[in-house]
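Accompanying notes for the structure given below.
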Amino acid sequence: MQSTMQDFPLTVGMIFRHGRTVHNASEVVTFEGEKSRRATFAEVGDRAERLAAALRRLKVDVGDRVGTLAWNTQEHLEAYFAIPGIGAVLHTLNLRLFPEQLAYIINHAEDRVIILDDTLVPILAPLAPQLSTVEHYIVIGDGDASALEGGTASVHRYGELLAAEQPGYQWPEIDERAAAAMCYTSGTTGNPKGVVYSHRSTFLHSMGVGEGSAARYTDRDRMLPVVPMFHANAWGAPYAAWMAGADLLLPGRYLQCEPLSVFIETERPTCASAVPTIWTDLLHYTEQHPVDLSSLRMVVCGGSAVPRALIEAYEERFGIRMVQAWGMTETSPLAAVAWPPKDVALGTTEEMDFRSMTGRVMPGVELRIVGDDGAVLPWDGVAVGEIEVRGPWITASYYRDRTPEKFHDGWLRTGDIASVTPGGYLRITDRTKDVIKSGGEWISSVELEGHLMAHPDVAEAAVIAVPDARWDERPLACVVLRPDTEVGAEQLREFLRDRVTKWQLPERWTFIDQVPKTSVGKFDKKVLRARHADGALVVEEIG
Ligand code: ADP
């Protein structure tokens, strides 16, 4: 029997129309270092329509890829609506990729147009001769763009293109299964891989992000996505906040603690999202410089394991609820969020135990863990295996990249190793490529790092596997101390003694100036392993 329901397409256009009409007075604020620019959703809507008309005038067609190389700004948000709205594909370019990777993804996606911030011209211009598919550059701002001139592509000014058009563009009807946007993974191994989101997946993900088991946005919120719009869609915030009518506070390129604090104090966000590094830096910054964070009711933190000590510090020092989330570019990205279960009393250790887990799987995502032999393991909080996920906002393949080994009977293999409790809370212990296998048993590098980073003298710690004649592999703790501290390996090992079982205690230690990071700010353990293999790390052995 067929249903009687309308078969109504779920599109980015539907998200757009809802926000601009129902929440027309909500605002988008873009920080420019000292002052902010503001526009209502209605005004942003008008400008998105002008941009849509301008792109059509440049002959951008259904299915064409339009790249954006931009910080979190109002114009980037306009592009988020205009490009999918005309049936083209928004390709967010990660400006922190290595230049050759940036050129690779633009060519691989065959971008026809690139919209970019004037401040980012120096990143793109040297690559321009290699970008054979690009016909137009559209520069936001009136900074110097002469370095882009002289090639085969024409250079336009964003402001001028919009000024030449009128609002009221007639949006075409779009198939919900058509591509809306694409994003490449950061490619820590090999070339980046492209994930293509559909209108339908974007709509459903946006609904999922806003609802009760995830970010819980309302029209009383002022949302500050510090997570870049070029990295996994700023974790879905632009569309989900727009849908809910939450004001969007966009920090532009001012992500350092000092300007970010000014922006927070003046614009008073109620919620924000950023990776652990940003929250850790801000925490340390506030020790020297008092910052009024009192407007924040919750902050979302994820992208890599969130140390429990960080969650506790925000709770104790500022009364801010830090909510851990998990996901990946391939999962749109949100897939699990660590709200504690209802029967746990607030403020207890037990509550913190749940909050420091990786997350509880969201509705809309199905998740299982699988052992080395491919067998599905129980959700008993003990068994540990690779997370596999499926659902309407999980990718089923990579764009023009055959990688059958990344999928398993219709499930995406995430490369994350975890246990899952009967209630659906996962605890990630490692990436498949980072696991430490000592005498046949796994040692969780993530757990050791979390404990080490709880030590007051430790700024950062990354633990990698190194070869060991007896145990096959053992952990090497790579520690970055905070300025003016001199705690040694012996003391740190003592500190760990109460926290992990004895055989997991690292005997190899090295003190480094900083942990190498990937283009999206995650610990780059591949680089650390290579440095160790080259003998470039000074390793102390104790115990
Ligand atoms: P990349 O482009 O590096 O793949 P992603 O943001 O897609 O960037 O990275 C996804 C990966 O980040 C996940 O597979 C997982 O390993 C890690 N990750 C994300 N959130 C968490 C978290 N809360 N705890 C532990 N690891 C996380």
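Start at 1 and go down the list; that is how both ligands and their atoms are numbered. Since we're looking at a predicted model, the values are computed, not measured.
- Here the shortest heavy-atom distance to atom 13 (C) of ligand 1, taken over V337, L97, D416, belongs to D416.
- Taking the six-membered ring where the residue is Trp, F81 and W242 present tilted rings, their angle falling between 30° and 60°.
- In this structure, C301 has no heavy atom closer than 4.0 Å to ligand 1.
- Considering backbone and side-chain N/O of T185, none are found under 3.5 Å from N/O of ligand 1.
- D117 places a side-chain N or O within donor-acceptor distance of the main-chain N or O of W71, the cut-off being under 3.5 Å.
- The residues R431 and D416 are annotated as salt-bridged, a charged nitrogen and a carboxylate oxygen being separated by less than 4.0 angstrom.
- For the pair R499 and E447, the salt-bridge criterion is not met [side-chain N within less than 4.0 Å of a carboxylate O].
- Under 4.0 angstrom from ligand 1, there are no non-hydrogen atoms of P333.
- For ligand 1, the atoms lying closer than 4.0 Å to a non-hydrogen atom of T358 are 22 (C), 23 (N), 24 (N).
- W503 does not carry R474 over the face of its six-membered ring by the limits of under 6.0 Å from the centre and within 45° of the normal.
- Heavy-atom proximity to Q324, at under 4.0 Å, picks out these atoms of ligand 1: 22 (C), 23 (N), 24 (N).
- Each of F354, W379, W326 was evaluated against Y425; a single residue qualifies, F354, per the ring-ring contact (aromatic ring centres under 6.0 Å, His included) test.
- Taking all heavy atoms of W326, Y184, W235 into account, the minimum distance to atom 21 (C) of ligand 1 is reached by W326.
- Atom 18 (N) of ligand 1 has its nearest heavy-atom neighbour, among G415, A305, A232, G303, in G303.
- Under a 4.0 Å heavy-atom criterion, G327 is in contact with ligand 1.
- A salt bridge links R297 with D221: the closest approach of a Lys/Arg side-chain nitrogen to an acidic carboxylate oxygen falls below 4.0 angstrom.
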